[in-house]
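Every heavy atom of this structure was used, including side-chain atoms; hydrogens, water molecules and symmetry mates were not. Proteins get letters first, then strands, A, B, ... in listed order; numbering begins at 1 in each.
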Protein chains: 2
Amino acid sequence: MIAVFKKYITEKVTLTEQEWTLIQSVCIERKLRKQQYLLQEGDVWHYNAFITKGCLRRYRIDDKGVEHILQFSVENWWAGDRDSLINGTPSKYSIDAIEDSVVILIRKEDFDMLVNRIPEFRNLVNIILEKSLIASQERIHDAISLTAEEKYLGFVERYPGLSNRVPRRMLASYLGVTPETLSRVRQVVMKK
Amino acid sequence: MIAVFKKYITEKVTLTEQEWTLIQSVCIERKLRKQQYLLQEGDVWHYNAFITKGCLRRYRIDDKGVEHILQFSVENWWAGDRDSLINGTPSKYSIDAIEDSVVILIRKEDFDMLVNRIPEFRNLVNIILEKSLIASQERIHDAISLTAEEKYLGFVERYPGLSNRVPRRMLASYLGVTPETLSRVRQVVMKK
DNA sequence: AAATAGCCTTGATATTTGTCAAGAATCATT
DNA sequence: AATGATTCTTGACAAATATCAAGGCTATTT
């Protein structure tokens, strides 16, 4: 499964063979069964996680016990809790697998080492950060501006395929509406 | 006003005198009258902007002509449109001054040069990026999870002072509610 | 200080979304 | 294939928020 990661990396940057060997040497592959936790609320997060297979979600649970999903991560994307990682604080989030998944973990110290030793890797990481931030801004815009229907259609357009892959109640949670509302929205959309 | 920027920088990282001189040499100071644009929708953004005085807002206007504010930036914070800056695409946002303001502009090429020549500066920029991303995640959570009242109280708590500094209709726009709703929410909160 | 314009609030009403409950459909396990 | 458990949908109703309209307040300009 590390081949997926290698493909991802080498498509984005050109590395020497030694550099890739160095990266590979700090990669930890971990399988996750559906429903299994990668991170539980309250624990401190020490890794960067790259998904080579499957789908994960990061979410929080409010006072009333309702889940709110901040992120879905599928193959070729990253997961984790930056806040906990950087500040060393207990995580407010939980991360678990929506499908049987495989992730590659790189410990924070190792990741920092890679960033310092491989300039191309640093660039890549920076670009990912920038893209994440731009995407977050877009999501904030949608959250404060759009109706439930617009949010749903926007999601389907932005992440084609994913809307059929995640359970509806989770999609509803991600969009910030109830499952019932999403169900009705979909019904209306179908008729058009 | 550049003294404000120097103070900001030197409080965060230690620089040699030459390094600061280099930074200063690419700083462009610009005054903005209240209401004046720093960036207009459709234009390409080429800078990083640091606010030394005043308050700016970044916003979008939807099909119905309604403004949606993505960000307020006050003294000692940054403004700009990363998306346009990085991708060279026309901006979806406008940025203008809520108060008479002073900003320091650094052209993209110059900024990249600083990042490459001054390792400490690169670190600083990275930390800012990380913090911005963490804050964005927090805002997404609030947007999809909280009621209007909770959003308002959260804002007041997170940005004390700012809620009295920006016009209420703009605060409402930032929170994703109408001015009328914010007005009513505040009325309820006052009584408690 | 007067005039003007924009902003904020308040009320009445409409719309959207949430809540609760029940039945149907789907999925996982045996 | 049968069972049970979860998820999804649908309906009736409740609550939250938006819309529209009017009046009062505030600030800016003259």
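Rounded to whole Å, the distance from CE on A:M190 to P on D:dT9 is 8 Å. One interatomic measurement links the two molecules: CG of A:L146 to P of C:dT17, which rounds to 11 Å at whole-angstrom precision. One atom, NE2 of A:H68, and another, P of C:dG18, lie 11 Å apart when rounded to the nearest Å. In this structure, B:R169 atom CZ and D:dC25 atom C1' are separated by 15 Å, rounded to whole Å. Following rounding to the nearest Å, B:M170 (CE) and C:dC8 (C1') show an atom-to-atom distance of 14 Å. Taking atom CG of residue B:N164 and atom P of nucleotide D:dT26, one finds them 15 Å apart after rounding to whole Å. A straight line from CD1 of A:I144 to P of D:dT17 spans 15 Å, rounded to a whole angstrom. Separating the CG atom of B:L175 from the C1' atom of D:dA18 is a distance of 15 Å, rounded to the nearest angstrom.
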side-chain hydrogen bond (donor to acceptor under 3.5 Å, both in side chains) for B:D81 and B:S91? Distances and angles first, verdict last. CA-CA 7 Å; B:D81 175 10; B:S91 180; 2.6 Å; yes

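Looking at heavy-atom distances under 4.0 Å, A:K64 makes no contact with the nucleic acid at all.
Out of D:dA21, C:dT17, C:dA12, the shortest distance to the side chain of B:R184 is found at C:dA12. Looking at the side chain of A:T178, the nearest of the listed nucleotides C:dG18, C:dT17, D:dT10 is C:dG18.
Cation-pi geometry between B:R139 and B:Y174 is met: the NZ or CZ atom falls under 6.0 Å from the ring centre, inside 45° of the normal. Geometrically, B:R60 engages B:Y93 in a cation-pi contact, judged by NZ or CZ lying under 6.0 Å from the ring centre and within 45° of the ring axis. A:R107 forms a cation-pi arrangement with A:Y47, by the criterion of a distance under 6.0 Å to the ring centre and an angle within 45° of the ring axis.
Between the base of D:dC20 and the side chain of B:E180 there is a donor-acceptor pair shorter than 3.5 Å.
Distances shown here put a side-chain N or O of A:Q187 below 4.0 Å from the OP1 or OP2 atom of D:dT10. OP1 or OP2 of D:dT9 sits under 4.0 Å from a side-chain N or O of A:R186. At least one side-chain nitrogen or oxygen of B:R168 sits closer than 4.0 Å to the OP1 or OP2 atom of C:dT9.
Projected onto DNA chain C by closest heavy-atom contact, A:T181 and B:T181 fall at different nucleotides, the more 5' of which corresponds to B:T181. Each of B:K34 and B:V185 lies near DNA chain D, and the nucleotide nearest B:V185 is the one positioned closer to the 5' end.
Here the closest non-hydrogen pair linking A:R33 and A:A97 is O-CB, 3.6 Å.
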